[in-house]
Amino acid sequence: MGILSNCSFVLGPPNGWKFREKYQNNSSKCFLCGELLSKRRRLISKEKLGKLNFVIRSCYDGRKSNGNDDKGMHGERENKENSNLATMASSEKKSDDSSKNSPASISTRPPTMSPVGPAYSNFQVDSFKLMELLGPEKVDPADVKVIKEKLFGYSTFWVTREEPFGDLGEGILFLGNIRGKREDVFAKLQSQLSEIMGDKYNLFMVEEPNSEGEDPRGGPRVSFGLLRKEVSEPEQTTLWQYVIALLLFLLTIGSSVELGIASQINRLPPEIVKYFTDPDAIEPPDMQLLFPFVDSALPLAYGVLGIQLFHEVGHILAAFPRNVKLSIPYFIPNITLGSFGAITQFKSILPDRKAKVDISLAGPFAGAALSFSMFAVGLLLSSNPDVAGDFVQVPSTLFQGSLFLGLISRAVLGYKAMHAATVSIHPLVIAGWCGLTTSAFNLLPVGCLDGGRAMQGAFGRNTLIASGLATYTLLGLGVLGGPLSLPWGLYVLICQRAPEKPCLNDVTEVGTWRKAVVTVAIVLVVLTLLPVWDELAEELGIGLVTSF
């Protein structure tokens, strides 16, 4: 709406436009129009682009003529408007002469409000028209007519009515009755649509919204949505996005090295430890004292980064056979875990819900497999006194951060080792622990996380909404993730809260075994992120509890 406060245009005759500049604001910044236009240029047709460019030119022309000259019209559009204005003026004059003798004043601006329906102000009309020009390109009504006549029919899908489809109503949703097996009908309609319209539109098979019952053949009632390809397909990665991804990756390297240095807290100089642990410390120590510890921190940093890269490789290997393109990963640095994982977007429309589940689970499963291998090997090495020189000392209360990982550590290291103030462990245990925690966070069934995508693909959007509310509640109460629950919850709300867009075939079920895998994964995620309270830790022998 900020653009309308500076630059405005009003609806003119049915076949023409008239534009004006608000006289009270001489500092109109039509550059804003250009900004909005540049952002949506890919989604605007040539015809609409010409109209919008005409809006901008008219604003500048009006400013040059102090807002009194309406000759911003060019070519046939100007002639048509002048002709219409003259015709309307002549008709008004004749009508007034017949009703009274006094000369009538002829208005150069026709009425903008329809006598039927709600009355809109000029500002509202301006807003509607500007949003129409700047919004995504809609489906051509002529194409809709052809598609209804040649694509749908009695043997495939009988259309009963149409509704808007898409986030901004830029598409058409055909509702009706399907006349065969939905997968076969959908494949046939996709093939015929390509023959009729070429590569212009994408056809989606979705569940019928607000359906009162199921399909007589079983399963939900289906509808077919139509969107232009340039509107429905994801945008290509820009140069700035590559730059941002590189900067985030460098920051993730730094946070991973920092994690490796922090794991050697028992070896660090006292002034360094005091500065980072004492809240009253003011003067920073000489950071060059940390340089000798960088080399010993690199193995742990390599392990954390390797887990994250292996996670992304899992996504790629699952997406490649299905011809699904992925964006570059945007790594999220974190000083506690080294990394919160990465944001990876789909750059292709997913063919079906099975692909959504498989690609979403492949990444965290690959990362979790490597993490658990490191964790298990590290625990075995921690129980071997021959490699004690490589051990690091960590507080025993660290193992209270996860019920699942704490029980495994207790089983391998024993009660005596776990019931001391500090525990000597191999750095691989820390790398595996951080990797498993990160994988568990990314598998939470909320938003556009890997777990949210898998939940949406396996059980549907409504189940994802319910599980998302439950996840936000548990994170807000600190039940999951302990001290990391708040920063992770804020990260999801800011970056990953929106569910994934529907697949081309968003109706066909994924099968029982995929649903079972998703369910088991969610249970393991809860056990991994569930911290152990003091009473239970004392009973299980996890960590040293000195008070209740």
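As a basis for the values below, the full set of heavy atoms in this structure was taken, side chains included, without hydrogen atoms, waters or symmetry mates.
The side-chain contact (heavy atoms from CB on, under 4.5 Å) search around Ala245 returns Ile328, Tyr330, not counting sequence neighbours. The side-chain hydrogen bond (donor to acceptor under 3.5 Å, both in side chains) test applied to Asp506 returns no partner, not counting sequence neighbours.
Side-chain contact between Gln236 and Lys347: absent, with no pair of heavy atoms (C-beta onward) separated by less than 4.5 Å. Residues Val510 and Lys356 are not in side-chain contact: their nearest non-hydrogen atoms beyond the backbone lie 4.5 Å or more apart. Proximity of Ile425 to Leu413: side-chain heavy atoms (C-beta onward) are separated by under 4.5 Å at one or more points. Between Leu436 and Met374, every side-chain heavy-atom pair lies at or beyond the 4.5 Å cut-off. Between Leu259 and Leu337 the shortest side-chain heavy-atom distance does not fall below 4.5 Å. Between Asp450 and Thr344, every side-chain heavy-atom pair lies at or beyond the 4.5 Å cut-off. Within the 4.5 Å cutoff, the side chain of Leu309 has no heavy atoms near those of the Glu312 side chain. Annotation: side chain of Pro531 is not in contact with side chain of Gln400 (no heavy-atom distance under 4.5 Å).
Using modelled atom types, one side-chain atom of Ser339 and one backbone atom of Ile332 make a donor-acceptor pair closer than 3.5 Å. Proximity of a side-chain donor or acceptor of Thr422 to a complementary backbone N or O of Pro395 within less than 3.5 Å is not detected. Side-chain atoms of Ser485 never come within 3.5 Å of backbone atoms of Gly481 as a donor-acceptor pair (strictly under, hydrogens ignored).
Side-chain contact check for Thr508 and Asn505: at least one donor-acceptor pair (N or O, by modelled atom type) lies under 3.5 Å. A donor-acceptor pair shorter than 3.5 Å cannot be found between the side chains of Glu233 and Ser348. Of the N and O atoms on the side chains of Asn442 and His311, not one donor lies less than 3.5 Å from an acceptor on the other residue.
Note that the CG atom of Leu370 and the CD atom of Gln308 stand 10.0 Å from one another [nearest 0.5 Å]. Interatomic distance, CD1 of Ile335 versus CD1 of Ile261, reported as 12.5 Å (0.5 Å rounding). Residue Trp488 holds its CH2 atom at 6.0 Å from CZ of Phe340, rounded to the nearest 0.5 Å. Ile408 CD1 to Ser402 OG: the interatomic distance, rounded to the nearest 0.5 Å, is 8.0 Å. The CG atom of Leu449 lies 10.5 Å from the CZ atom of Phe441; values are rounded to the nearest 0.5 Å. Between Leu193 atom CG and Leu226 atom CG the span is 6.5 Å, to the nearest 0.5 Å.
Taking both residues in full, the closest heavy atoms of Val324 and Phe346 are given as CG1-CD2, 4.0 Å, listed atom of the first, atom of the second, then distance. Between Leu475 and Gly489, the closest heavy-atom pair is CD1-CA, 4.1 Å. Nearest heavy-atom pair across Ala342 and Pro329 is CB-CB, 3.9 Å. Across all non-hydrogen atoms, the minimal contact from His315 to Ile359 is ND1-O, 2.7 Å. Looking at every heavy atom in both residues, Pro164 comes nearest to Leu173 through O-CB, 4.1 Å. Residues Val518 and Ala458 approach most closely at CG2-CB, 4.1 Å, considering heavy atoms.
A cation-pi arrangement is not found for Arg497 relative to Tyr472, the charged atom failing to lie both closer than 6.0 Å to the ring centre and inside a 45° cone about the ring normal.
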Original post:
Does the pair Thr471 and Val492 meet the rule for a side-chain contact (heavy atoms from CB on, under 4.5 Å), with working shown?
Top reply: CA-CA 11 Å; Thr471 302; Val492 175; over 6 Å; no
**OP:** Carefully, step by step, assess Glu207 and Ser223 under the rule side-chain hydrogen bond (donor to acceptor under 3.5 Å, both in side chains).
**Re:** CA-CA 6 Å; Glu207 294 186 16; Ser223 302; over 6 Å; no
Subject >> From CA spacing to verdict: side-chain contact (heavy atoms from CB on, under 4.5 Å), Ile349, Asn202 >> reply: CA-CA 9 Å; Ile349 303 178; Asn202 278 323; 3.3 Å; yes
Subject >> side-chain contact (heavy atoms from CB on, under 4.5 Å) evaluation trace for Ile343 with Gln496 >> reply: CA-CA 8 Å; Ile343 299 175; Gln496 299 277 70; 3.7 Å; yes
Original post:
Run the side-chain contact (heavy atoms from CB on, under 4.5 Å) check on Leu530 and Val479 step by step: do they pass?
Top reply: CA-CA 6 Å; Leu530 185 65; Val479 176; 4.1 Å; yes
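A salt bridge links Lys515 with Glu509: at least one charged nitrogen is closer than 4.0 Å to a carboxylate oxygen. With respect to Arg453 and Glu500, a salt bridge is recorded, a charged nitrogen being found less than 4.0 Å from a carboxylate O.
The aromatic rings of Phe404 and Phe372 sit parallel, their planes meeting at an angle under 30°, below the 60° perpendicular limit.
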